[in-house]
Amino acid sequence: DTEVTQTPKHLVMGMTNKKSLKCEQHMGHRAMYWYKQKAKKPPELMFVYSYEKLSINESVPSRFSPECPNSSLLNLHLHALQPEDSALYLCASSQEDRRDLQAFFGQGTRLTVV
Amino acid sequence: AQKITQTQPGMFVQEKEAVTLDCTYDTSDPSYGLFWYKQPSSGEMIFLIYQGSYDQQNATEGRYSLNFQKARKSANLVISASQLGDSAMYFCAMREGGVDTGRRALTFGSGTRLQVQP
């Protein structure tokens, strides 16, 4: 099983709403990532979790709040977003092993902030 | 500094012909992995092929092959017998195997939009 599952696939939210994006993998990967991708641009790294601990926050605004409740799950909590936060949000996972550098992506959540 | 460079913003190819998408990379880490992903308009990031820095042979997956030239730091994707369904954005990416756990995230190039013409 090389699947990373993201829910929901599409999300429309108002600027005062609170919502969460979810990501799940059962490959035993101990590193999980959130990326943000604007149209016609490459994905940009937001957060990295390693062994359920936040190891990288790429200066992401606090209206985005990641959470890794266990080794299989990764959440991204959204609050008071702006229209410019509308984008495709991708989750990925990988082993924490220098000898195995494969990484796998979920299908993404397309977020629209109105 | 840019770690992954894709110099072709857009490419056209005739159906059934082969096409090469260029990718160069920059790293001082001896352990790294190179990836190619296809992203159609639906947004899904579809994994195509992977090459590890210590792999002796060039990776192949069906119609996809990776022309890995380590000394030149290039990892070009070759798609043989192009199909209309190959029209999409293609991203080259790298993952370094450095000691710093947090730095082992994937870094992407700017992408190449491929259009296959009938």
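Everything numeric in this text was worked out from a predicted model, so none of it was measured. Below, chain A is the first sequence line, B the second, and so on; all start at residue 1.
- In the hydrophobic clustering of this structure, A:Val4 does not group with A:Leu111; members are Ile, Leu, Val, Met, Phe, Trp, Tyr whose side-chain heavy atoms approach within less than 4.5 Å, directly or through other members.
- In this structure, CZ in A:Phe105 is found 9.5 Å from CD in B:Gln39, a value given to the nearest 0.5 Å.
- Interface check for chain B: of the options A:Gln102, A:Glu44, A:Lys41, A:Lys40, the most heavy-atom pairs under 4.5 Å are formed by A:Gln102.
- There is no path of hydrophobic side-chain contacts, each under 4.5 Å, that joins A:Met27 to A:Trp34.
- The salt bridge (Lys or Arg N to Asp or Glu O under 4.0 Å) contacts involving residues 80-91 of chain B comprise B:Arg63-B:Asp86, where partners must be two or more places apart or lie in separate chains.
- B:Val78 and B:Tyr64 are members of different hydrophobic clusters when ILVMFWY side chains are connected at heavy-atom separations under 4.5 Å.
- When all heavy atoms of B:Gly43 and A:Arg110 are compared, the closest pair comes out as CA-NH2, 3.6 Å.
- For the ring-ring contact (aromatic ring centres under 6.0 Å, His included) test, residues two or more places apart in sequence or in another chain that qualify with B:Tyr32 are B:Tyr25.
- When side chains are defined from C-beta on, B:Phe91 counts as touching A:Gln37, because their heavy atoms get closer than 4.5 Å.
- Under the 4.5 Å side-chain heavy-atom criterion for ILVMFWY residues, a single connected hydrophobic cluster contains both B:Val19 and B:Phe68.
- A continuous path of ILVMFWY side-chain contacts below 4.5 Å connects B:Tyr90 to B:Val116, so both sit in one hydrophobic cluster.
- Contact residues of residues 59-90 of chain A toward chain B are A:Leu88, A:Leu90 (heavy-atom distance under 4.5 Å).
- In this structure the side chain of A:Tyr35 reaches within 4.5 angstrom of the side chain of B:Leu106, judged on heavy atoms.
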Which donor-acceptor pairs under 3.5 Å do the side chains of residues 7-19 of chain A make with protein atoms, sequence neighbours left out?
| unit_1 | atom_1 | unit_2 | atom_2 | d |
| --- | --- | --- | --- | --- |
| A:Lys9 | NZ | A:Gln107 | OE1 | 3.3 |
| A:Asn17 | OD1 | A:Gly14 | N | 2.7 |

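- Contact annotation for B:Ser42: only backbone heavy atoms (N, CA, C, O) come within less than 4.5 Å of a heavy atom of chain A.
- Within a 6.0 Å radius of NZ in B:Lys73, more than 12 heavy atoms belonging to other residues, nucleotides or ligands are found.
- Nearest heavy-atom pair across B:Phe108 and A:Pro42 is CB-CB, 3.9 Å.
- When all heavy atoms are compared, the tightest approach of A:Ala103 to B:Phe35 is N-CE2, 3.5 Å.
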